[in-house]
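Below is one structure, written out as structure tokens; comments come after it.
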Amino acid sequence: MRLALSACAPFSLQAIITSHGWARLSPFFVEHQTAALGRVERLSTGRVVELIIREAGDGVTVETPDRLEGFEREEVARKVWWMLRLGEDLSPFYEAVREEPRLAHLEREGIGRILRSPTVFEDVVKVLLTTNTTWDRTVRMVEALVTQYGDPLPTDPSRHAFPTPDQLAAVREEDLRAIGVGYRAPYLIDLARRVADGEVDLEQLKDDNLPADRVRRLLQDLQGVGEYATALLMVLVGRYDAIPVDTVARERVSQEWYGGRPVGDEEIDRAFARWGEWKGLVYWWWPWSRDTGCKKQEAECR
DNA sequence: GGTAGACCTGGACGC
DNA sequence: GCGTCCAGGTCTACC
């Protein structure tokens, strides 16, 4: 089966794949030879399929070896639409950065979109697994979680979809610790249980009309989600005025604007304040002149 | 409100 | 080979 989906111009699938490390996190995978983004996906019916996404025409094609029913095709299209932000019109962003020579290439090269998971739940789990650890460990933790608890792909049972909230909610804390997530185990189980029970509706965060304060409060109410994780998740759901301030950001901004002296959150915010609602996206795509902060998270260095 | 220490793991380093 | 230190973001106890 093959689906064709169009995107708001300018568009570059390659730019999305390299937008951050998410494409390296299971169940995403990258076919480097064909420049395709792949993913093992569990549909709402419980069916597990492999999706291969390639750039084509004014958007992408989505291929799967499986024959899908009409409603399944709609679900796949909806998910890919969200993951790649196909409907996002970034022209106001490009307009805002047009006067900045170091960002002028973004529009020309179709850079701006950031890869995200099909569900906010999956992104919250992955962000939790990026905190207080190195990138390589994040990759291993996500891989272990997917392999242990996600549904297998029928045609290749060694590969799995991302586990659902119900599946993670049923896991024992000691079993999660055993796969290496450490102290994050109770946070993950608490999150999965609250989502599975309907106490927390993370998918409502996809709604642009939800007030930013409410989005922030809902995220910060989750165990293990602090200021950095909240800001990163806000950017992922499309709230581009948030800056994920971690040690990498601190060091980069310190070197770029403050002569290497230690900086606080306010100074980081001030450095990007002139881009207003787009400052988080400007931070994301800023061409850092020094190779600071990439000692550990090499996969995220562009 | 601000600060210190614990959480957890793997890599780097010294012996 | 072994022990120690360090890095990462969040939470909690304490002042």
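Numbers restart at 1 for each chain; the letters A, B, ... are given by sequence-line order, proteins then strands. Just so it is clear, the structure is predicted and the values come from calculations on it, not from any experiment.
- Salt bridge annotation for A/D221-A/R217: absent, with no cationic side-chain nitrogen under 4.0 angstrom from a carboxylate oxygen.
- Look at NZ on A/K126: it is 23 Å from P on C/dG8, rounded to the nearest Å.
- Taking each heavy atom of A/D136 and A/R24 in turn, the nearest pair found is OD1-NH2, 4.2 Å.
- The A/T247 side chain lies nearest to C/dG8 when the options are C/dG8, C/dT10, B/dC7.
- Between A/L103 and A/W286 the shortest side-chain heavy-atom distance falls below 4.5 Å.
- Rounded to an integer number of Å, the gap from CD1 of A/I268 to P of C/dG9 is 11 Å.
- Within 4.0 Å of A/R140, counting heavy atoms only, lie sugar-phosphate atoms of the nucleic acid but no base atom.
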For nucleotides 11-15 of chain C, list the nitrogen or oxygen atoms of the protein found under 3.5 Å from its nitrogen or oxygen atoms, one pair per line.
residue	atom	partner	partner atom	Å
C/dC11	OP1	A/G224	N	2.7
C/dC11	OP1	A/V225	N	3.4

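- Distances shown here put every side-chain N or O of A/R184 at or beyond 4.0 Å from the OP1 or OP2 atom of B/dC8.
- Smallest separation of non-hydrogen atoms from A/L145 and A/P163: O-CG, 3.9 Å.
- Note that CG of A/L37 is 9.5 Å distant from CD of A/Q14, once rounded to the nearest 0.5 Å.
- The minimum heavy-atom distance between A/E109 and A/S12, with the atom names listed, is O-CB, 3.5 Å.
- When the P atom of B/dC7 is taken as reference, atom CG of A/L188 falls 18 Å away, rounded to whole Å.
- The rotation axes computed at either terminus of the helix from B/dG1-C/dC15 to B/dC15-C/dG1 lie 40° apart, taking five pairs at each end and rounding to 10 degrees.
- The OH atom of A/Y228 sits 18 Å away from the P atom of C/dA7 (whole-angstrom rounding).
- Between the CD atom of A/E251 and the C1' atom of C/dA7 there is a distance of 12 Å, given to the nearest Å.
- Residues A/F29 make up the rest of the hydrophobic cluster containing A/I52, defined by ILVMFWY side-chain heavy atoms closer than 4.5 Å, directly or through other members.
- Rounded to a whole Å, the CG atom of A/N132 is 12 Å from the C1' atom of C/dC6.
- Judged by distance alone, the side chains of A/W22 and A/D123 do bring a donor and an acceptor atom under 3.5 Å apart.
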